[in-house]
Each structure stands twice: as C-alpha cells, then as structure tokens.
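In this text, all values refer to a predicted model and were calculated from it rather than measured experimentally. All chains are named by letter (A, B, ...) in the order of the sequence lines, taking the proteins before the strands, and each is independently numbered beginning at 1. Values below: every heavy atom of this structure, side chains too, minus hydrogens, waters and symmetry copies.
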Amino acid sequence: MNEAITSLRSAPARVPSRAGAGLKAVHYQTIIDEQPDIGWFEIHPENYMGKGGAPLRYLERIRSDYPISMHSVGTSLGSHLPLDRTHLNELKQLVDRFQPGLVSEHLSWSHGYEWYTNDLIPLLYTKESLNLVVEHIEQVQETLQRKILIENPSSYLQFKQSDIPEQEFLAEAVKRSGAGLLLDVNNVYVSCKNHNWDIEEYLSPITREMVGEIHLAGHAIQSLGDQELLIDDHGSPVCTAVWELYRHCIDRLGEVPTLIERDSNIPSFAELQKEVQFAEHYLRANQEVDRVTTR
Amino acid sequence: MSPLAELQQAFCDALISPKAPSESLLKELVDDGLALQRFNVYRNNFIVLNGDALADMYPVIKRLIGEEAFRVLASAYVRQHPPQERALLLYGDQFPGFLESIPELSELPYLADVARIEYAWTESYHTQDQDNLSEKQVSEIATDKLGECQLLPHPSLHCISSAFPIYAIWQTNQSDDSTESISLDQGESHVIVLRPAIDVEVREVSRGAYHFLKQLQSGNSIDQAYETANELDDTFDPGRFLTKHLFDGTFYQITPSS
Amino acid sequence: MKKSTSLLVASAITTALAMAPMTGVHADTEKEKCYGVAKAGKNDCKAGPGTSCAGSSTVDAQGNAWMLVLKGSCEKIVGGSLADKG
C-alpha cells in the first residue's frame, strides 16, 4: 500500500509565488479526486505527529501532487522555558519526510509551566524577550537545518512592561536570527485595530527581503460598549479592508506566496478555491506591474 | 525569577483559574477600560479550544450527557488536566478516569468505559502502520512448537471490558438520531478496538476471546493464553476464533519462545 | 503446560492456516484511493469565541461550583444497577 503511494509523481518542494490554501481534512478527498489548480497547501505539523494512520497517508498522497508549507503552532518561541526537544525532533522528522518548501512559527508563547495552553499568547516586548526569542529561533533553525519564517501575531492585549514596538521587535528578531518573516496581513489589521496602532507605522520596518510568505484570513468583530475588538477566528472570508491592505503590501513587497487560512465554518473546497483565485489575481496583477516597471 | 518568567506564570495561573484574574496581573496589562475583557479572550481560547479537542475525541459521551453538560465537564477537565503535549492528537487521555471522579455521574456507571472505547479509537487511529501476520510466517514454524510461540496482536489493539453493555451503547450512539433504548440488564461487554489496515474497527468479542487477546498482548505464549481464556470462559473455541482472525489483521507477528 | 492444550492450540492454528485461502479473511489493504476516515486536525492557529462565551462564566467566583444537567441519550439507557443505585 505504501509503495503504491510513494511511487506516484512527486511535486517539487519549492513553494511558488502563487496563492495556496490551508489543508483541511474535510477537503482531502476532493483534492485527491479533482487535482485542483492550486499553487500549494499549508499544514500544521502538529496534526501529523501521530505514528501512522490516515492523516500521514493523506499527506503523503497530497504532497506527491503539491508543494507544501509547514506552519507550526507548538514550538512556543517566546516562552521563558526551554524549547521542547521531543516536539522539535518530531517536527524535524516531518520536515525530513515531507520536504516542505517553507517552515514557519508564530511570535508568541504557549507555556508558562510544563503544561501547554494550545493558544498563541503575546509576548512581553523587551530586550530580555528579544534575546530569548532569537536564541530559540536559532535553536529551531539549527535542529531543522534550515531557515524558518516568523509570523506576526494577532493579539488582544498588551503588557505595560513592553518597551519595544511589536514590528521593531519582530524585524530585529528576524535580522538577528537570520530567519524570514511570515507577514499575516489579517493579523496586522486585527492587532492594529485592537491596539490603535498605525498600520503604516507597523509596516515601515518590514522590507521585501524579509518576507517569505503572506497569510490572509477572516476575522470576527465584537462590540464591547462603544468599542470593538477584532477576533482572529479564521471563520469567514477575507474582508474588503484586509484585501486592500494585502494589495498595498504586495505593491511594496512584490510577489510573495500567499495563503488563505480557514479554520472554522470551513466552506466547500470550491468556495475556498475562489478566495485563493482572488488572491492569485492580485498577485498576477502585481507581476504585470513589476514587469512593466522593470523593463 | 526573571520578569518574563514571572509574568508568564501569572498569566497561566489566571488562565487556568475559574476566578477573576489577580489584581497584580491586571496591573501588568495596558488598560483602556477593557483589560479584563481582553484577558478573557485568552481564557476563553484556552477553555473552549481545548474543550473542542475533547469533544472531538468523545462524541458519544457528548451525545449521552448532552452538549451543555459536556461543556461544563470539558471546562473542568481542561482546568484539571491541561494539555501536556503540543500536538493535541491524543488530548483527553485522562477523561475516562475524570468521569469516574465526578459524583453527579455515578448514576451513569457505564460512562467511563464507553469513554475508554472512544479514547482507544483515537489512539488506534494514530498508531504506527504495521503489516499483518502472513501465512508464510506461520507456516515456517514447526507444528509442535506453535503452542509455545508468542502471537502478537496488532500494535493498535486495545481491549476494554465492562460490567455494562458498552458496545451496544457505543454503537447505538454513533449518530444523533438513534431512538433505540438499551437495557443495562444485558450485562457485561468485552470490546476490542484495532486498526488492522485502513480503518479503525470496534468489535464486541466473547469473554474468552477478550482474555485470550489480553494474554497474548502481554506476551504470554499461545498455550498460556488459551488456558487462561478457557478457565474464564469454557465456551472459548480457539479453532473458530483463529480461523476467523489469525490473518484478518488482528495479529502481526508470531515468534518462537526464546 | 498440558499436552492437550498444546495439541488443541497447534490444531487450531494449522486449521486457520489451511482455511486462510478460502475464508477471505485477509485485511483489505489493497483498496485503491482509500486512505481512511479523514479526522480534522486539532491544532490550528485560530482564536476561539472571543469575549462572548461561557469559558469563564459558567463558573462562579468560588470556582468549580457548576451544575450538571444531564440531557442526552443517556435517558434511553434503562434498567440494571440504575434502580439499585437509587
């Protein structure tokens, strides 16, 4: 059985400068049967850390047709505790086996004690944290023997002790560790709205060289009295404001592989694919402009 | 302790506690009048997202006690047993024992054993792939040595026994629309869960077959396993059982005793 | 070990071996395009219900003071020790 799966054609590892989609279990069979024209898929490696069975079989099959990216949620780069060696080794095994074109993780933490929150909690932005995050990114890169991308988080609160703006912290962490940046445009929008940050100011330290991937997703809006809090629930299509911000970002950053993330209220694959095509339309328009201006 | 470690631990204390976060933590948050609601987003994430993972593993328990009671129990479970691993694939391993510890559930004495089937299902789903026992492996062993051999059940095998008809309860509650009623007077039930090839299978077996498999799983010889099974269930017929199951993926290896 | 046991076990296995080609009991490993039940992954990076939910509020300030209202298919499970437990 395994032989039959691995003998299929194998897609290249490199993630192209196209739009991709988050890989959801409900879409596995459609993707295998219909072979949709999608640039690449992204997975959370933690969902494939079982020892065997269906998830790995599906991934093996889909990887043979498409490049993939691995977007980890479990390394907890910003935790004061050491990285979990077992988890890192499992990540390394998956990277070796499935050869993802990109590997990424969040700028956040998820354990203060030995137990794990299963959530992405914002950091204290201080020099102490920065040194720690850089050290942890370096350890991950060393284990995986490759560069990773770090994603800007969406957040709902800030700590008073923070004395470095998030975007500068992120840019500095990326520069010092030799990592790249995964720019989540929806997260930029959500966090800027939630904390009254200026979007232009947030984007200012982010350069073309840093960014290896872009994420897009939908968010929910909750009213609290006369104020609003945006919740990054990945539960609806990308909103108009975020599409506009996306266009603005690719004008500045060029053709960057772009992912549509959807984690709740998951629609049919055809519907998700429409959003992916929409992103690709923006990317192509940008390529046209690039060609004209460089001529 | 460093300010970072102190803050992260205070944050985790507040996440896991059902009480309002401490004043000292709230003082650490930028306050625009919404600091508490902002913090609550994280506590809700912690309780609800991990509760969702639990609900995903225990759909039958959720049907049995209803969505609302399940949510209440899941929140308490998440606080008592927060995830110990970063991958949530097997989150919920302590849930059967936790159910047994809840006094209000004592009138549903079968609940924990049904939960054990559901946990076994997920564990079996993620177990390593393993080729099944082949006829060639068996035919290479001299007939008079067969009884001394170890016959190893598939690594995905789980054996669950209960004083209650847990197989019928589990089976009947596979979908929301079952109206069948079950009498606990049906008595004990022996269940095996395994993934011989692609899909996880849940089977009800006789008491003898259950003990035969349990003995084999713990590494005893086939002879020993048969004697124990026969003592506990004199209707157990190894010929019938093995003709049906020796090569159907229930087993993966036969090894001569050392 | 009793001699009768060894004989019985050996005969059970040799019977199973002889019957194997006829019983069609082999696990079906050759189904094409079949990869099994696709269970949704449990790790992702979405946020939960935000500010509007029961995550904090089902529990009062004393902690753990919840009420359990059992309203599911357990109502259809009857008899046995339920009566004894009263």
Trainee: With a 4.5 Å cut-off on heavy-atom pairs, point out which of Gly41(C), Gly36(C), Ala18(C), Gly72(C) contacts chain B the most.
Mentor: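 Most heavy-atom pairs under 4.5 Å with chain B: Gly72(C).
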Trainee: Taking Asn44(B) for its side chain and Gly50(C) for its backbone only, find out whether a donor-acceptor pair lies under 3.5 Å.
Mentor: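 Indeed, once roles are kept as given, a pair shorter than 3.5 Å links the two residues.
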Trainee: Would you say the side-chain atoms of Asn45(B) pair up with the backbone N or O of Ala47(C), donor to acceptor, closer than 3.5 Å?
Mentor: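 No; judged by distance alone, with no hydrogens or angles, the pair does not exist.
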Trainee: With a 4.5 angstrom heavy-atom cut-off, could you sort out which part of Ala40(C) is near chain B: side chain, backbone, both or neither?
Mentor: backbone
Trainee: Should we say atom CZ of Arg203(B) is surrounded by more than 12 heavy atoms from elsewhere, each under 6.0 Å from it?
Mentor: yes
Trainee: For chain B, which of Ile13(C), Thr14(C), Asp44(C) has the most heavy-atom pairs under 4.5 Å?
Mentor: Ile13(C)
Trainee: Output the distance between atom CD1 (Ile182(B)) and atom SG (Cys74(C)), rounded to the nearest 0.5 Å.
Mentor: 11.5 Å
Trainee: Quick check for you: to the nearest 0.5 Å, what is the distance between Tyr226(B) atom OH and Ser6(C) atom OG?
Mentor: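 So the OH of Tyr226(B) and the OG of Ser6(C) are separated by 11.5 Å.
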Trainee: Check whether Glu68(B) gets within reach of chain C through its side chain, its backbone, both or neither, counting any heavy atom under 4.5 Å.
Mentor: side chain
Trainee: Hey, does the side chain of Thr15(C) reach the backbone of Gly239(B) with a donor-acceptor pair shorter than 3.5 angstrom?
Mentor: no
Trainee: Determine the minimum heavy-atom distance between Leu49(B) and Lys46(C), stating which atoms define it.
Mentor: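 Closest heavy-atom pair between Leu49(B) and Lys46(C): CD1-O, 3.6 Å.
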Trainee: First locate atom OG of Ser73(C), then atom NZ of Lys62(B), and finally report the distance between them rounded to the nearest 0.5 Å.
Mentor: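 Rounded to the nearest 0.5 Å, the OG-NZ separation comes to 12.0 Å.
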Trainee: Among Gly147(B), Ser17(B), Ser181(B), who wins on heavy-atom pairs under 4.5 Å with chain C?
Mentor: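 Most heavy-atom pairs under 4.5 Å with chain C: Ser181(B).
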Trainee: Sort Leu111(B) into side chain, backbone, both or neither according to what part of it lies under 4.5 angstrom from a heavy atom of chain C.
Mentor: neither
Trainee: Taking side chain as everything from C-beta outward and backbone as N, CA, C, O, which of these in Arg86(B) sits under 4.5 Å from a heavy atom of chain C? Side chain, backbone, both or neither.
Mentor: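 Answer is backbone: N, CA, C or O of Arg86(B) sit under 4.5 Å from chain C.
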Trainee: Under a 3.5 Å threshold, yes or no: a donor from one side chain and an acceptor from the other, between Asp223(B) and Thr5(C)?
Mentor: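 Not at all, the side chains of Asp223(B) and Thr5(C) share no donor-acceptor pair under 3.5 Å.
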Trainee: Could you walk me through whether Phe164(B) and Ile77(C) pass side-chain contact (heavy atoms from CB on, under 4.5 Å), step by step?
Mentor: CA-CA 11 Å; Phe164(B) 306 98; Ile77(C) 296 169; over 6 Å; no
Trainee: Considering residues, nucleotides and ligands other than Glu85(B), do more than 12 of their heavy atoms fall under 6.0 Å from its CD?
Mentor: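 Not buried by this count: 12 neighbours or fewer within 6.0 Å.
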Trainee: With side-chain contact (heavy atoms from CB on, under 4.5 Å) as the test, would you mind laying out the steps for Leu17(C) and Glu135(B) before giving the verdict?
Mentor: CA-CA 6 Å; Leu17(C) 190 58; Glu135(B) 289 153 54; 3.8 Å; yes
Trainee: Indicate yes or no: does Lys42(C) engage Asp52(B) in a salt bridge with an N to O separation below 4.0 Å.
Mentor: no
Trainee: So which of Val41(B), Leu64(B), Asp144(B) has the largest heavy-atom pair count under 4.5 angstrom toward chain C?
Mentor: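 Top count of heavy-atom pairs under 4.5 Å with chain C: Leu64(B).
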Trainee: I'd like to verify something: which residue of Leu242(B), Thr172(B), Val60(B) has the highest number of heavy-atom pairs under 4.5 Å with chain C?
Mentor: Leu242(B)
Trainee: Can you tell me if Gln137(B) has over 12 outside heavy atoms packed within less than 6.0 Å of its CD?
Mentor: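 Buried by this count: over 12 neighbours within 6.0 Å.
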Trainee: Given the rule in the side-chain contact (heavy atoms from CB on, under 4.5 Å) test, do Glu180(B) and Lys76(C) qualify, once you have shown the distances and angles that lead to the verdict?
Mentor: CA-CA 7 Å; Glu180(B) 203 181 313; Lys76(C) 294 187 201 110; over 6 Å; no
Trainee: Looking at Ile198(B) and Cys34(C), what are the two nearest heavy atoms and their distance?
Mentor: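 Closest approach of Ile198(B) to Cys34(C), heavy atoms only: CD1-O, 3.5 Å.
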Trainee: Just do the side-chain contact (heavy atoms from CB on, under 4.5 Å) check on Asp56(B) and Lys39(C) with the steps written out, would you?
Mentor: CA-CA 9 Å; Asp56(B) 191 63; Lys39(C) 291 269 290 170; 3.6 Å; yes
Trainee: Quick one: what part of Ile141(B) sits under 4.5 Å from any heavy atom of chain C, side chain, backbone, both or neither?
Mentor: neither
Trainee: If you take all heavy atoms of Phe247(B) and Ala20(C), which pair is closest and at what distance?
Mentor: CD1-CB, 3.6 Å
Trainee: Using non-hydrogen atoms only, which part of Phe39(B) is less than 4.5 Å away from chain C: side chain, backbone, both, or neither?
Mentor: neither
Trainee: Would you check if the side chain of Asn43(C) reaches a backbone N or O of Leu88(B) as a donor-acceptor pair within less than 3.5 Å?
Mentor: yes
Trainee: Which heavy atom of Asp199(B) sits nearest to which heavy atom of Val37(C), and what is that distance?
Mentor: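 Heavy atoms only, the tightest pair is OD1-N, 3.1 Å.
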Trainee: Could you give the distance from CD (Glu107(B)) to CG (Leu70(C)), rounded to the nearest 0.5 Å?
Mentor: 6.0 Å
